[in-house]
Amino acid sequence: MSGGTGHLPVMLSEVLETLAPRDGAAYLDGTFGGGGYARAILEAAPRCTLFAIDCDPDAIARGAALAARFPGRLHLLQGRFGDMLSLLEGVGVAALDGVVLDLGVSSFQLDEPERGFSFRFNGPLDMRMGKVGNSAQDIVNSIPESELADLLFNLGEERHARRIARAIVAARREGPITTTEQLAGIVRAAAPRDPSGLDRATRSFQALRIAVNDELGEVERGLAAAAGLLAPGGRLVVVAFHSLEDRIVKRFMARSAGRGAGASRHDPASLARPPAAGAATAAAFRLLTPRALRPGAREADANPRSRSARLRAIERLAPQDVAA
Ligand SMILES: C[S@@+](CC[C@H](N)C(=O)[O-])C[C@H]1O[C@@H](n2cnc3c(N)ncnc32)[C@H](O)[C@@H]1O
């Protein structure tokens with residue numbers, strides 16, 4: 001966490017070491033955020049080109065200063081990384097030497113009460129990274145109780161989902177729930193204290209944020225698209241912060257590396273789909289991280305947000321190395 005002064009990039013040295021940027025190569029940072037990874041990549045290989053996507057217009061606006069520092073080398077694109085194929089096609093790019101995704105929200109977003117991501121501040125119940133579409137307020141005030149309970153259970157791994165959903169529905173009968181403080185109060189009153197000391201609102205806020213931004217769907221689309229864009233030797237490096245997204249990354253990478261059925265280098269989208277029973281495996285990628293990398297003790301102490309980070313990576317094999 002940044003204490004409101006910006007975003008501390010998580011596992012930056014591990015990301016750089018794994019991506020290994022080279023001069024003359026082209027990379028994509030699919031989650032530009034505060035530009036911490038972007039700047040480090042541009043500095044590590046002074047003649048590489050970097051395309052950077054963020055769905056948040058504020059992140060793109062902030063990035064203009066960095067783009068001016070690296071003339072002609074940093075190209076900012078506003079949009080969702082799940083749409084990276086069309087965003088890159090728009091600027092004439094069909095292949096890349098590396099893609100990095102640092103999932104979730106930035107400290108800029110978390111620490112801005114107006115964005116409504118955090119129960120630590122009072123603000124409108126928004127949570128939209130891209131500032132478009134349905135907000136958290138739209139969801140909590142409209143969906144049926146059973147759907148709300150499933151959402152809290154599936155996306156927040158909240159054991160008290162049914163109780164919390166019931167309390168939210170009772171509260172919204174009195175009038176719409178519009179602020180983070182209101183929602184956090186309802187959840188805290190409905191759920192028993194967590195033995196770990198975790199704020200009782202944590203899991204419900206996580207669930208709503210994931211739903212509002214379709215974060216799991218984006219990860220699936222982004223992984224499939226990135227895999228399809230990588231040139232031989234190109235690397236995909238992903239940093240995930242909660243078990244739901246990390247599980248998707250882990251399975252995708254294992255299948256891409258032939259450790260599961262159904263992966264096809266001819267159809268990258270197949271890599272994000274569950275394997276068909278008995279399907280043949282063609283390993284188009286090499287797994288660079290048989291086990292996820294975790295932040296070192298010093299980083300975990302200095303930046304609590306890094307503690308849940310897991311880094312996983314794959315590399316596209318050269319055609320002659322792909323097993324038939
Ligand atoms: C954890 S921050 C990235 C921080 C960045 N690595 C740095 O060093 O400053 C994640 C960023 O990705 C953006 N983001 C999250 N999901 C996205 C998506 N599906 N498409 C585009 N941007 C996304 C968020 O708006 C946020 O700015």
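In each ligand, atom 1 is the first atom listed, and ligand 1 is the first ligand listed.
Contact annotation for R305 and ligand 1: only side-chain heavy atoms (C-beta onward) come within less than 4.0 Å of the ligand. Neither the backbone nor the side chain of D29 has any atom closer than 4.0 Å to an atom of ligand 1 (non-hydrogen atoms only).
Within 6.0 Å of CZ in R159 there are 12 or fewer heavy atoms belonging to other residues, nucleotides or ligands.
In terms of protein heavy-atom proximity, atom 20 (N) of ligand 1 is nearest to F81 N, 2.9 Å. Of the protein's heavy atoms, G36 N, 3.4 Å lies nearest to atom 7 (C) of ligand 1. Among all non-hydrogen protein atoms, the one lying nearest atom 19 (N) of ligand 1 is E218 OE1, 2.8 Å. Counting only heavy atoms of the protein, atom 6 (N) of ligand 1 lies nearest to D102 OD2, 2.7 Å. Remark: minimum distance from atom 14 (N) of ligand 1 to any protein heavy atom is reached at M129 SD, 3.8 Å. Summary of contacts: the protein heavy atom closest to atom 9 (O) of ligand 1 is G34 N, 2.9 Å. Among protein heavy atoms, atom 23 (C) of ligand 1 sits closest to C55 SG, 3.5 Å.
In this structure, a donor-acceptor pair under 3.5 Å is absent between the side chains of D246 and S243. Between the side chains of T178 and Q182, at least one donor N or O lies within less than 3.5 Å of an accepting N or O.
At least one heavy atom of L103 sits closer than 4.0 Å to an atom of ligand 1. Within the structure, ligand 1 has G104 among the residues with a heavy atom less than 4.0 angstrom away. G79 counts as a contact of ligand 1, since one of its heavy atoms falls under 4.0 Å from the ligand. Within the 4.0 Å heavy-atom shell around ligand 1 one finds Q109. By the 4.0 Å heavy-atom criterion, F32 is counted among the residues contacting ligand 1.
Looking at D83, T31, L12, it is T31 that brings a heavy atom closest to atom 12 (O) of ligand 1.
Following chains of ILVMFWY side-chain contacts shorter than 4.5 Å, one can reach I168 starting from L155, so the two form part of one hydrophobic cluster.
D111 and R120 are joined by a salt bridge, as a carboxylate oxygen and a charged side-chain nitrogen come within less than 4.0 angstrom of each other. Salt-bridge check for E43 with R69: passed, with a basic side-chain N closer than 4.0 Å to an acidic carboxylate O. The residues D214 and R221 are annotated as salt-bridged, a charged nitrogen and a carboxylate oxygen being separated by less than 4.0 angstrom. For R286 and D321, the salt-bridge test fails: no basic side-chain N is under 4.0 Å from an acidic carboxylate O. Classification of R162 and D150 as a salt-bridged pair holds, one side-chain N sitting under 4.0 Å from a carboxylate O.
Among the atoms of D54, some N or O lies under 3.5 angstrom from an N or O of ligand 1. For ligand 1, the polar-atom distance check against H7 finds no nitrogen or oxygen pair separated by under 3.5 Å. Annotation: G35 places an N or O atom under 3.5 Å from an N or O atom of ligand 1; distance criterion only.
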Trace of the salt bridge (Lys or Arg N to Asp or Glu O under 4.0 Å) decision for D199 with R188: CA-CA 8 Å; D199 190 300; R188 288 179 189 134; 3.0 Å; yes
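Listed for the D54 side chain is no donor-acceptor partner under 3.5 Å among the backbone atoms of A59.
Taking CG from L66 and CZ from R39, the interatomic distance works out to 7.0 Å, rounded to the nearest 0.5 Å.
Counting the atoms of ligand 1 from 1 in the order shown, those under 4.0 Å from a heavy atom of D56 are 25 (O). Distances below 4.0 Å separate heavy atoms of R80 from the following atoms of ligand 1: 20 (N), 21 (C).
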